[in-house]
Amino acid sequence: MQMESISNSMFSYVLISFLMIRSCNGTDRISQNQTMADGETLVSSGGTFVLGFFKPPGSTNRYLGVWYKRSPETIVWVANKVSPLTDSDGVLTIHSDGNLVLLNGTKRIIWSSNSSSADAQMNLVAELLDSGNLVLKRQDDLKAESYVWQSFDFLTDTLLPGMRKGINLRTGKTWYLTSWRNQSDASPGEFTYKLDNVGLPQFVLRKGSEKKFRTGPWNGERFSGSDVRSSSFIAPIFVYNDTEIYYTYEMTDSSVLSRVTLNESGMIQAYMMNKGSSDWILMYKLPYDMCEEYGKCGPNGICRINSNPICQCLDGFVPKSKGDWDVLIWSGGCKRRTPLDCKSGEGFLKLKNVKLPDLLDFRLSQSMTTRECERECLKDCSCFAFTDSNITSGGSGCLMWFGDLIDIQEYDDKYSEQDIYLRMPKSELDAIENQNKKRALLILVVPTVFGGILVLCFVICCTIRRRKKKRGMKKSNDDIELPLYQLEAVTLATKSFSFSNIIGEGGFGPVYKGRLETGVEIAVKRLSQTSRQGLGEFKNEVILISKLQHRNLVRLLGCCLDGNERMLIYEYMTNGSLDYFIFDQSRKKLLTWKKRFEIALGISRGLLYLHQDSRLRIIHRDLKASNVLLDDELNPKISDFGIAKSFRGDQTEGKTRTVIGTFGYMSPEYAFSGTYSVKSDVFSLGVLLLELVSGRRNRTLDHSDQHQSLLGHAWLLWTEDKALQLMDECLKESSVESQVLRCIQVALLCVQKHPEDRPTMAAVVIMLSNETVSLPQPKHPGFFLEGNYAGVSETSTEERLRTLNAVTITQLEGR
Ligand SMILES: *[C@@H]1O[C@H](CO)[C@@H](O)[C@H](O)[C@H]1NC(C)=O
Ligand SMILES: *[C@@H]1O[C@H](CO)[C@@H](O)[C@H](O)[C@H]1NC(C)=O
Ligand SMILES: *[C@@H]1O[C@H](CO)[C@@H](O)[C@H](O)[C@H]1NC(C)=O
Ligand SMILES: *[C@@H]1O[C@H](CO)[C@@H](O)[C@H](O)[C@H]1NC(C)=O
Ligand SMILES: *[C@@H]1O[C@H](CO)[C@@H](O)[C@H](O)[C@H]1NC(C)=O
Ligand SMILES: *[C@@H]1O[C@H](CO)[C@@H](O)[C@H](O)[C@H]1NC(C)=O
Ligand SMILES: *[C@@H]1O[C@H](CO)[C@@H](O)[C@H](O)[C@H]1NC(C)=O
């Protein structure tokens, strides 16, 4: 680094002012003739951030940096990354040339803001803003655009709300994260997390020049792979236009602190800290799992995290080296079973729900339609795959890949589909079609064969039973009076828990569809082995559900316990879950108003039964659209009692130290203080009713929705006497106005801020089903973020971590 000496006059000037104006502690700025020495600090006006000198652990060097007042060891920005001070004689001041500079003990500039627009005549001040941004500006200037210099333009290893990560296309300036070398050395380490703007923008994590993780390209709506999604706390912003491409985010509640860091081992982590707390809570990390490691499965391999093994070759491909593949060395990847010959008959195979392959050898044309794209790809012998480059409004644009496809990952979320079309020779397409035909045939043949087997089985079973009776066999598990299924039977029924059999994700693990040898279809909830549901909780769920019998509750058929494996076997619901219908543009049309109203009533009756009519008083605690299943007549059945709690007698309210559930459906008092009661379920029902009427999700904060939650939107329309506008367009013809209004009013009553203002389920059922009952006027609903954090901070750190992880995991499902 080139050192610049300071003029003599400046030297003495600095000395004088050094003596005259010693302390700037407590203020948030220094002006042109002031200094800040080691030991002194600037504190931002709101008291959030501190600027000062610090020494990292395990080092004797000193740096100028910014940290949190509440968490002094958390450094968010460093000035002299590559030129640390070796003593405590450092001084920060504004140089006569108008730059912010750091001087060492002999008054040599060891760091400078190097601001091109700096000008000594401008009467400058350096101010630490409450966002953590250290800015150099004219004394009376307030606008960010005219700052002479700002630290937010020079990222270190931390992204704060309001900081940008990306590129200014006009100036070529880039903003990206760089890890520290190690925890005692702030100089740039090996890892960077940077925007790659080749074709379509995507963020890439690299170690040196080697790719480690990428978000997948921007598809007009989001990154095709995982990245920070909007949540109850974070509102991400992505700007993509001719001048700028960048990501930034805002906190929806400014009292919650948050940061995203790239640590020296290449892990991107987002943390938050609640008001009144001084502990960081991990919100998520990237790469999120093994499948997100760049190119995990090699060229033409696909990673499926729920499969065993996680890597497979794409359809029509086989391992390049079978030996390697068999011992789980996947890096060699896969090759085509039948090479493309570019003859007629070649076509495409659709690959659903994937992170788009890396943009290595590709062509992009934003103006083509999907049809044209397919034709164009077929024309070019070396085109391997294509997809829409922009998925908004039905899909447009054309992205084509040439050569091997790298870093493909399949997601198991059926709602955020990004598909690609893989080119296949005719023979492969025929083979796949034949396979499908065979499968269809099997379904026809099997029942007749099963008929025979069934009779046989019946005879055998009865014989065994009689024998058991004779021997007086005890039940295998004295407190579970449920059929115990053998692991082998369940494994067989679910094709060894095959990925393609997954039909959903419950609170604690995947749910598989299965077909028993008897032909009976079942849904198997397989609790993940890392699931926090212990044996106790598991038994609790089993016993609870086995005692519940109601036409609006999913029936438990039995369970399976084997070593670490724990599974619940339910009756299979042919029509999946409610969210599958009401939030889907075409499927939503299948649910007419009459049906929806029946569903609303059915859910309410089911919940009433749980709260009041069953022998136990049960609070569901995670009622949401995806937990309402539909049978073949589209009758609703409430499922997933994994976190239900039962109360005996007159106990109606409880407090939990572990808040589990789903943001968006949680009542304020439950989300923030863990207090739950039957009224928390009523709140969730209210949200669900609004979703049912509107066909929109209550994502509490989704910036594409102008920061308006469904609750807020409904309330606004209600107060403006326009409540009917909330109704889903597709219900226009089938709706009954009075019922729709009644439903909305009841929903608003259910989502009142104070539990005591919400009706009981008994009242809800009466209000919904009885046209003549007059309803009270709802007040302003309770929003999730209005709660009070105090309750949460009463729990221990460890519990909070667990708690927030649970909540985060629930959010991450929404990929
Ligand atoms: C400022 O400019 C000098 C000279 O060009 C250079 O050596 C130094 O690294 C720059 N400092 C920063 C913080 O960019
Ligand atoms: C410090 O700067 C202010 C304005 O920039 C000026 O009014 C004042 O005279 C200066 N003080 C000294 C000691 O130079
Ligand atoms: C200040 O920096 C200069 C240039 O790097 C160096 O020669 C000098 O020894 C430093 N002074 C102190 C006290 O570290
Ligand atoms: C950090 O890195 C520096 C430079 O590579 C090295 O000298 C130092 O020993 C490292 N410290 C730790 C704690 O690893
Ligand atoms: C994607 O398509 C939408 C709708 O046609 C358009 O508004 C948007 O600008 C496009 N995005 C990009 C990145 O081209
Ligand atoms: C790009 O977006 C930024 C931020 O919204 C805006 O300030 C800028 O004017 C936009 N540029 C163009 C060319 O639209
Ligand atoms: C980086 O973060 C990961 C994930 O939390 C952690 O396992 C690792 O120890 C961290 N590395 C360092 C050097 O702190």
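When a ligand or atom number is given, it counts from 1 through the structure's own listing order.
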Legend entry - Min N/O separation Thr243 to ligand 6 under 3.5 Å: yes
Inset, instruction - Could you tell me whether Arg108 and ligand 3 have an N or O pair separated by under 3.5 Å? - result: no
Legend entry - Contacting atoms of ligand 6, where contact means under 4.0 angstrom from a heavy atom of Asn241: 1 (C), 2 (O), 3 (C), 8 (C), 10 (C), 11 (N), 12 (C), 14 (O)
Inset, instruction - State whether Arg181 and Glu264 are salt-bridged, where the test is any N-O pair (Lys NZ or Arg NE/NH1/NH2 against Asp/Glu carboxylate O) under 4.0 Å. - result: no
Using a 3.5 Å cut-off on N/O to N/O, what pairs does ligand 4 make with the protein? A line per pair would be great.
| residue | atom | partner | partner atom | Å |
| --- | --- | --- | --- | --- |
| ligand 4 | 2 (O) | Asn182 | ND2 | 2.2 |
| ligand 4 | 11 (N) | Asn182 | ND2 | 3.0 |
| ligand 4 | 14 (O) | Asn182 | ND2 | 3.2 |

Inset, instruction - Take every heavy atom of Leu85, measure it against each atom of ligand 3, and state whether any distance is under 4.0 Å. - result: no
Legend entry - Working for ring-ring contact (aromatic ring centres under 6.0 Å, His included), residues Tyr176 and Tyr193: CA-CA 6 Å; Tyr176 60 94; Tyr193 189 44; over 10 Å; no
Inset, instruction - State which residues pass ring pair (Phe, Tyr, Trp, His ring centres under 6.0 Å) with Phe386; sequence neighbours excluded, sorted by chain then number. - result: Phe348, Tyr421
Inset, instruction - Decide whether Thr261 and Asn263 meet the rule of one side-chain donor and one side-chain acceptor closer than 3.5 Å. - result: no
Inset, instruction - Scan residues 79-88 for pairs that pass salt bridge (charged side-chain N to carboxylate O under 4.0 Å, His left out), counting only residues two or more places apart or in two chains. - result: none
Inset, instruction - Just grab all the salt bridge (charged side-chain N to carboxylate O under 4.0 Å, His left out) pairs involving residues 197-213, residues at least two apart or on different chains. - result: Asp196-Arg206, Glu210-Lys212, Lys211-Asp358
Inset, instruction - Would you check if the side chain of Trp149 reaches a backbone N or O of Lys137 as a donor-acceptor pair within less than 3.5 Å? - result: no
Legend entry - Close-contact set for ligand 3 against Asn104 heavy atoms, below 4.0 Å: 1 (C), 2 (O), 3 (C), 8 (C), 10 (C), 11 (N), 12 (C), 14 (O)
Legend entry - Salt bridge present between Asp153 and Lys173 (N-O < 4.0 angstrom): no
Inset, instruction - Give the atoms of ligand 3, by number and element, whose distance to some non-hydrogen atom of Asp87 is under 4.0 Å. - result: 13 (C)
Legend entry - Asp130 side chain to Ser45 side chain, donor-acceptor N/O pair below 3.5 angstrom: no
